[in-house]
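The next block holds one structure in the form of structure tokens; read it before the comments.
Just follow the structure's listing: the first ligand is 1, and inside any ligand the first atom is 1. None of these values were measured; they are calculated from a predicted model.
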Amino acid sequence: MKHSTKVGIIGAGPAGLTLALLLQKRGIDCIILENRSRLYVESRVRAGLLEQNTVDLIRELGASERLDKEGLEHHGVYLSFNGVRQRVPFKELTGGRCITIYGQQEVVKDLIQANLDRGIEILFEAHAKHIEGTKTDNPSIFYQHNGEEHELTCDFVAGCDGYHGIGRQHLPKDTYNEFRIEYPFSWLGILANVAPSSDELIYAYHERGFALHSLRSETVSRLYIQVENDDTVDNWPDEKVWEELSIRLGTEGWSLQSGPIFEKSITPMRSFMIDNMQHGRLFLAGDAAHIVPPTGGKGLNLAVADIRFLASALTNWYDNQDDSLLQSYSQDCLRRIWRAQDFSNFMTYLFHKQAPHGSFENLLQKSKFDYIRISKAQATTIAENYVGLKEI
Ligand code: FAS
Ligand code: PHB
């Protein structure tokens with residue numbers, strides 16, 4: 001079947017779903033092609049930290065009813081180094097900006113429901129196979145759905161299809177530079193039915209390795225452990241997970257509550273990006289163009305930040321036949337992407353075990369940690385990057 005729309009969106013993750021809602025709000029038709037089922041994308045456990053900008057956008061889109069009810073607004077974060085814990089009061093240091101803890105799968109559920117309620121077409125289990133004509137005025141996405149081949153012709157293609165999608169593959173190699181760090185460690189992430197042992201997140205360096213205490217609700221905790229890249233969840237029975245977390249997160253006068261773990265997965269840590277996110281009528285957004293190590297809690301938030309620029313650029317083109325924002329799209333996004341890459345890399349090197357305990361490199365880590373405690377300027381730097389800069 002051949003059909004058409006104004007903007008063809010590949011991917012129903014945070015990027016694709018927010019783009020569709022912003023376009024619909026401005027009267028621009030679009031269709032989302034998503035290769036997984038609705039159930040799959042709504043149950044995929046990933047991020048959990050929403051920056052102020054992201055919460056503001058979801059509210060602006062009128063899709064924040066559950067988020068406002070169930071999201072956990074945080075005003076500070078704990079940083080720990082070998083059992084010494086300090087708190088960074090980011091609300092106080094940033095003039096009131098906060099983060100909200102709310103699982104990415106909940107965000108995706110809310111955004112999908114909002115898209116469907118507003119009549120936006122999302123084709124689930126529709127696998128985009130290739131894109132043609134991006135240097136013409138009507139590119140096409142060729143996709144497979146219900147065992148049949150289809151063609152979606154559009155004015156623009158939005159590659160919101162993540163790190164493993166086809167969007168980035170469509171960019172000619174000589175149109176961008178690629179930057180990459182593959183870190184020598186991964187994260188074992190768990191979800192457990194146990195009340196959080198801390199009211200705010202705890203990022204901890206320990207000589208045995210990094211650990212992060214996050215949460216999802218008053219009864220569900222989300223925690224992470226630094227593991228080797230070749231480690232597997234089979235090596236981590238619940239008892240061992242809780243014992244290791246308790247050691248790495250421990251501090252005087254505090255104890256970690258344990259409980260039944262119902263989700264366990266290992267995610268590699270990488271920094272990745274390209275310095276051009278467009279080719280003709282194809283525009284990339286989110287993980288399709290960049291990956292940050294989750295230590296800064298930036299992945300989902302960067303995806304949404306790209307979309308703000310892309311939606312404005314497309315609106316400007318349809319409303320005023322002005323392509324200036326489309327031309328500057330990549331450069332506009334890259335300012336925030338570089339900032340998020342730097343902060344995520346800083347937090348990753350600060351909190352992960354990479355050098356022998358007591359080595360010069362390790363003592364430099366400790367010096368960075370101590371500096372946050374004694375310097376309001378450095379604490380403010382951490383705070384404003386963590387909650388996300390309002391403008392950049
Ligand atoms: P997404 O990957 O979310 O969405 C892309 C969508 O495109 C997917 O639904 C995919 O099925 C679809 N797609 C791909 N190819 C397609 C094709 N050919 N045709 C049709 N559809 C196609 N970030 C954090 O901040 N904190 C975390 O703790 C964290 N943990 C993560 C754990 C894992 C395992 C992963 C993979 C990522 C994690 N992230 C984390 C990053 C994550 O939250 C991303 O930044 C966020 O999902 C980016 O959103 P999108 O750009 O929309 O990409
Ligand atoms: C999470 O709650 O999943 C989370 C929070 C902060 C991070 C990474 C993940 O930096």
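- Salt bridge status for Glu263 with Arg222: present, with a side-chain N to carboxylate O gap under 4.0 Å.
- Using modelled atom types, one side-chain atom of Arg281 and one backbone atom of Asp155 make a donor-acceptor pair closer than 3.5 Å.
- Within ligand 1, the atoms closer than 4.0 Å to a non-hydrogen atom of Leu33 are 20 (C), 21 (N), numbered from 1 in the order shown.
- Close approach of ligand 2 to Leu212 is summarised as follows: ligand atoms under 4.0 Å from at least one heavy atom of the residue are 6 (C), 7 (C), 8 (C).
- Distances from atom 41 (C) of ligand 1 to the heavy atoms of Val107, Val304, Asp287, Thr295 put Asp287 nearest.
- Separation of the Phe81 and Tyr205 ring centroids falls under the 6.0 Å cut-off.
- Interface of Cys160 with ligand 1, defined as ligand atoms under 4.0 Å from a residue heavy atom, comprises 5 (C), 6 (C), 7 (O).
- If you check which protein heavy atom lies closest to atom 25 (O) of ligand 1, you get Gly299 N, 3.1 Å.
- Here the protein heavy atom with the shortest distance to atom 52 (O) of ligand 1 is Ala15 N, 3.0 Å.
- Near Tyr224, the atoms of ligand 1 lying under 4.0 angstrom from a non-hydrogen atom of the residue are 28 (O).
- If you look at Ser265 next to ligand 1, there are no close heavy atoms at all, none under 4.0 Å.
- Here is the list of ligand 2 atoms found below 4.0 Å of a heavy atom in Tyr203: 6 (C), 7 (C), 10 (O).
- Side-chain rings of Tyr183 and Tyr349 approach one another, their centers coming within less than 6.0 Å.
- Contacts between Trp187 and ligand 1 below 4.0 angstrom, taking non-hydrogen atoms only, are absent altogether.
- Taking the ring axis of Tyr163 as reference, the NZ or CZ atom of Arg168 stays within 45° of it and closer than 6.0 Å to the ring centre.
- Residue Gly165 has at least one heavy-atom neighbour below 4.0 Å for each of these atoms of ligand 1: 15 (N).
- Of the heavy atoms in Lys129, none comes closer than 4.0 Å to ligand 1.
- In terms of polar-atom proximity, defined here as any N/O pair under 3.5 Å, Gly297 does make such a contact with ligand 2.
- In summary, the atoms of ligand 1 found under 4.0 Å from a heavy atom of Gly11, numbered by their order in the structure, are 6 (C), 7 (O), 12 (C).
- Per-residue contacts place Gly13 under 4.0 angstrom from the following atoms of ligand 1 (heavy atoms of the residue considered): 3 (O), 4 (O), 52 (O).
- By the criterion of a heavy-atom distance under 4.0 Å, the side chain of Ile10, and not its backbone, is placed next to ligand 1.
- Scanning Gly189, Ala47, Ala128 for the heavy atom closest to atom 40 (C) of ligand 1 points to Ala47.
- Among the atoms of Leu201, none of the N or O lies under 3.5 angstrom from an N or O of ligand 2.
- Distance from atom 43 (O) of ligand 1 to its nearest protein heavy atom, with residue and atom name: Gln104 OE1, 2.5 Å.
- Close placement of the His3 and Tyr143 rings is indicated, their centers lying within 6.0 Å of each other.
- For atom 49 (O) of ligand 1, the closest non-hydrogen atom of the protein is Pro14 CD, 3.4 Å.
- Regarding atom 16 (C) of ligand 1, its nearest protein heavy-atom neighbour is Asn35 ND2, 3.6 Å.
- Under a 4.0 Å criterion applied to the non-hydrogen atoms of Gly48, ligand 2 contributes the atoms 1 (C), 2 (O), 3 (O).
- Taking a cut-off of under 4.0 Å to the non-hydrogen atoms of Val41, the atoms of ligand 1 that pass are 9 (O).
- Of all the atoms in ligand 2, the ones that sit under 4.0 Å from a non-hydrogen atom of Pro294 are 7 (C), 8 (C), 10 (O).
- Between Trp187 and ligand 2, not a single N/O pair is under 3.5 Å apart.
- At a 4.0 Å heavy-atom cut-off, ligand 1 touches Lys298 through the backbone alone.
- The contact set between ligand 1 and Gly297, taken as ligand atoms under 4.0 Å from a residue heavy atom, comprises 25 (O).
- Under 4.0 Å from ligand 2, the heavy atoms of Thr295 that appear belong solely to its backbone.
- Using a 4.0 angstrom heavy-atom cutoff, His164 does not count as in contact with ligand 1.
- Under the 3.5 Å distance criterion, the side-chain polar atoms of Asp322 are matched with a main-chain donor or acceptor of Ser324.
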Open item on the list: As a quick check of understanding, evaluate salt bridge (Lys or Arg N to Asp or Glu O under 4.0 Å) for Glu244 and Arg248, giving each step before the final call.
Closed with: CA-CA 6 Å; Glu244 198 61 33; Arg248 297 187 188 189; 2.9 Å; yes
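- The closest approach between Arg216 and ligand 2 falls below 4.0 Å for a heavy atom of the residue.
- Nearest protein heavy-atom contact of atom 2 (O) of ligand 1 is Arg46 NH1, 3.0 Å.
- Considering backbone and side-chain N/O of Arg36, none are found under 3.5 Å from N/O of ligand 1.
- If you look at Asp161 next to ligand 1, the close heavy atoms, those under 4.0 Å, come from the backbone and the side chain alike.
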